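A short worksheet on the structure shown next.
Owing to the predicted nature of the structure, the values given are computational and were not obtained by experimental measurement. Residue numbers start from 1 in every chain, and the chains themselves are labelled A, B, ... in the order their sequence lines are given, proteins ahead of strands. The figures here come from the full heavy-atom set of this structure, side chains too, leaving out hydrogens, waters and symmetry mates.
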Amino acid sequence: MKIATWNVNSINARLDNALAWFSEAKPDVACLQELKCEDKAFPAQAFEDLGYHCLVHGQKTYNGVAILSRAMPEDVRRGLPGEDEDGQARYLEAVFPGKSGIVRVASIYLPNGNPLGTDKFTYKLRWMDRLHAHARALLKLEEPLVLAGDYNVIPSARDARNPEAWLGDALFSAEARAKFRTLLNLGLTDAIRQVHGDEPDLYTFWDYQAGAFKRNHGIRIDHLLLSPQAADRLKSARIDRDTRAQDHPSDHVPVMIELT
DNA sequence: ATGACATATGAGATATGA
């Protein structure tokens with residue numbers, strides 16, 4: 001079972017790239033972030049024609065997450081618990097049947113949090129606390145669970161080509177990194193690191209500006225975190241770096257795992 | 001030091017991203 005995550009930076013601007021990638025990569029479940037459209041503007045028909053069910057939690061202009069799947073989603077949750085007045089569409093979760101049993105999958109778009117010292121940063125930290133609480137509750141189910149998405153956190157210096165360039169940025173702040181670590185310490189496995197170990201230059205985002213991709217000035221901020229029951233079934237994990245070299249790319253690339 | 005680049009909105013310039 002192939003499970004992917006990809007921040008597309010507007011699904012409508014990225015439709016041709018996305019359809020090409022789905023046809024080639026053939027994920028069974030794909031979590032998308034930064035749709036930048038409301039539910040009704042999501043190009044569902046194009047993906048249905050490829051054989052996917054579209055579960056969409058959209059929002060006008062900003063944010064928006066989706067899960068596209070071969071199988072019908074069940075037990076759907078829209079929004080992260082813990083803050084009723086949170087109107088930002090950043091969390092979507094559902095259960096999917098597979099050949100080896102069910103997998104619960106979440107599509108996560110964790111707040112950026114820049115600049116430091118603002119409401120945006122405190123919102124990011126609060127959101128991470130809420131994610132921690134929800135992950136802890138989900139882990140009690142003892143199910144195969146994949147928390148996939150754009151975490152907007154560079155976990156450690158080896159996850160950036162130029163870590164010094166990210167000092168003072170919310171993505172590499174000590175607070176955000178510490179909260180990401182406490183999430184992992186619930187017993188979750190970072191799929192890319194589990195498969196690729198200390199291999200250098202594992203990046204999922206390159207800025208559009210200043211020739212960042214050409215200079216490989218990348219960072220690893222898109223992650224798939226696995227419960228023990230999912231980690232037991234982890235077969236492979238890869239970053240589809242080539243999509244960043246295509247015409248009209250997203251600034252993020254897809255990350256995909258295969259579970260047995 | 002600044003802006004670089006891309007996207008949505010909406011019709012020019014601003015907000016957001018990372």
Side-chain angles (χ1 to χ4, degrees), chain A residues 5-19 21 31-43 56-66 86-91 107-128 131 148-177 179-180 192 201-223 239 241 243-255:
Chain A
T5 182
W6 190 12
N7 178 323
V8 292
N9 186 16
S10 172
I11 188 58
N12 284 301
R14 212 67 55 215
L15 186 57
D16 291 347
N17 308 59
L19 293 173
W21 180 79
C31 301
L32 304 179
Q33 300 88 35
E34 275 209 274
L35 306 177
K36 294 189 172 179
C37 68
E38 294 178 293
D39 292 7
K40 64 187 178 199
F42 186 90
V56 179
H57 182 39
Q59 179 186 336
K60 193 174 181 178
T61 310
Y62 302 120
N63 312 314
V65 287
D86 187 352
Q88 300 190 27
R90 296 180 174 274
Y91 186 91
S107 182
I108 290 169
Y109 180 42
L110 208 147
N112 172 310
N114 276 307
L116 296 177
T118 64
D119 290 349
K120 291 181 178 182
F121 188 60
T122 53
Y123 174 64
K124 176 178 194 162
L125 298 181
R126 273 204 318 282
W127 208 94
M128 293 188 84
L131 181 59
D150 175 2
Y151 281 75
N152 272 315
V153 175
I154 303 167
S156 68
R158 67 185 172 172
D159 297 308
R161 177 64 172 239
N162 297 111
E164 60 283 354
W166 297 94
L167 295 171
D169 192 289
L171 279 63
F172 197 46
S173 67
E175 294 97 324
R177 290 171 58 199
K179 288 194 187 295
F180 185 80
I192 285 288
D201 289 341
L202 295 170
Y203 309 129
T204 64
F205 169 92
W206 296 260
D207 201 286
Y208 288 121
Q209 302 181 59
F213 184 61
K214 247 179 194 167
R215 295 158 48 215
N216 199 21
H217 190 311
I219 52 178
R220 193 174 72 94
I221 55 176
D222 299 272
H223 309 295
I239 298 172
R241 191 180 194 284
T243 62
R244 186 66 179 79
Q246 294 171 348
D247 289 338
H248 200 51
S250 171
D251 40 7
H252 298 249
V253 297
V255 185

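- When the P atom is used for both B:dC5 and B:dG10, the distance is 26 Å, rounded to whole Å.
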Audit row: A:Ile221, A:Asp150, side-chain contact (heavy atoms from CB on, under 4.5 Å) steps and yes/no: CA-CA 6 Å; A:Ile221 55 176; A:Asp150 175 2; 3.9 Å; yes

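- The residue A:Asp222 sits apart from the nucleic acid: no heavy atom pair falls under 4.0 Å.
- Between A:Tyr62 and A:His248, the residue anchored nearer the 5' end of DNA chain B, judged by the nucleotide with its closest heavy atom, is A:His248.
- The side-chain contact (heavy atoms from CB on, under 4.5 Å) check on A:Ala160 picks up A:Ile154, A:Pro163, A:Trp166, A:Ile219, with sequence neighbours excluded.
- Using a 4.0 Å heavy-atom cutoff across all strands shown, A:Lys120 reaches sugar-phosphate atoms only and no base atom.
- A distance of about 22 Å separates the C1' atoms of B:dT9 and B:dA4, rounded to the whole Å.
- Across all strands shown, A:Tyr151 has no heavy atoms under 4.0 Å from either base or sugar-phosphate atoms.
- Using a 4.0 Å heavy-atom criterion, one finds that A:Asn152 contacts the sugar-phosphate atoms exclusively.
- Taking every heavy atom of residues 207-218 of chain A and every atom of DNA chain B, pairs under 4.0 Å involve A:Asp207, A:Tyr208, A:Gln209, by number.
- Within the nucleic acid shown, A:Arg90 comes within 4.0 Å of sugar-phosphate atoms alone, with no base atom in reach, counting heavy atoms only.
- Taking atom P in both B:dA18 and B:dA8, the straight-line distance is 14 Å, to the nearest Å.
- The CD1 atom of A:Ile11 sits 7.5 Å away from atom SG of A:Cys37, with the distance rounded to the nearest 0.5 Å.
- Here A:Asp169 lies out of heavy-atom contact (under 4.0 Å) with every strand.
- Of the N and O atoms on the side chains of A:Lys36 and A:Asn9, at least one donor lies less than 3.5 Å from an acceptor on the other residue.
- Annotation: the span from A:Tyr203 atom OH to A:Ile192 atom CD1 amounts to 13.5 Å, rounded to 0.5 Å.
- Remark: side-chain polar atoms of A:Tyr208 are paired, donor with acceptor, to backbone N or O of A:Asp251 under 3.5 angstrom.
- Under the 3.5 Å distance criterion, with hydrogens and angles disregarded, no donor-acceptor pair is assigned to the side chains of A:Thr122 and A:Asp119.
- Between A:Trp206 and A:Phe213, the two ring planes are perpendicular [angle over 60°; tilted spans 30° to 60°].
- Look at the P atom in both B:dT2 and B:dA6: the space between them is 22 Å, to the nearest Å.
- To the nearest 0.5 Å, the span separating CZ on A:Arg244 from OG on A:Ser250 amounts to 7.5 Å.
- Contact annotation for A:Asn63: no contact, since no heavy-atom pair falls under 4.0 Å across all strands.
- Heavy-atom nearest nucleotides on DNA chain B were determined for A:Ala13 and for A:Phe205, and the one closer to the 5' end corresponds to A:Ala13.
- The footprint of chain A on DNA chain B, defined by a heavy-atom cutoff below 4.0 Å, extends from B:dA4 to B:dA18.
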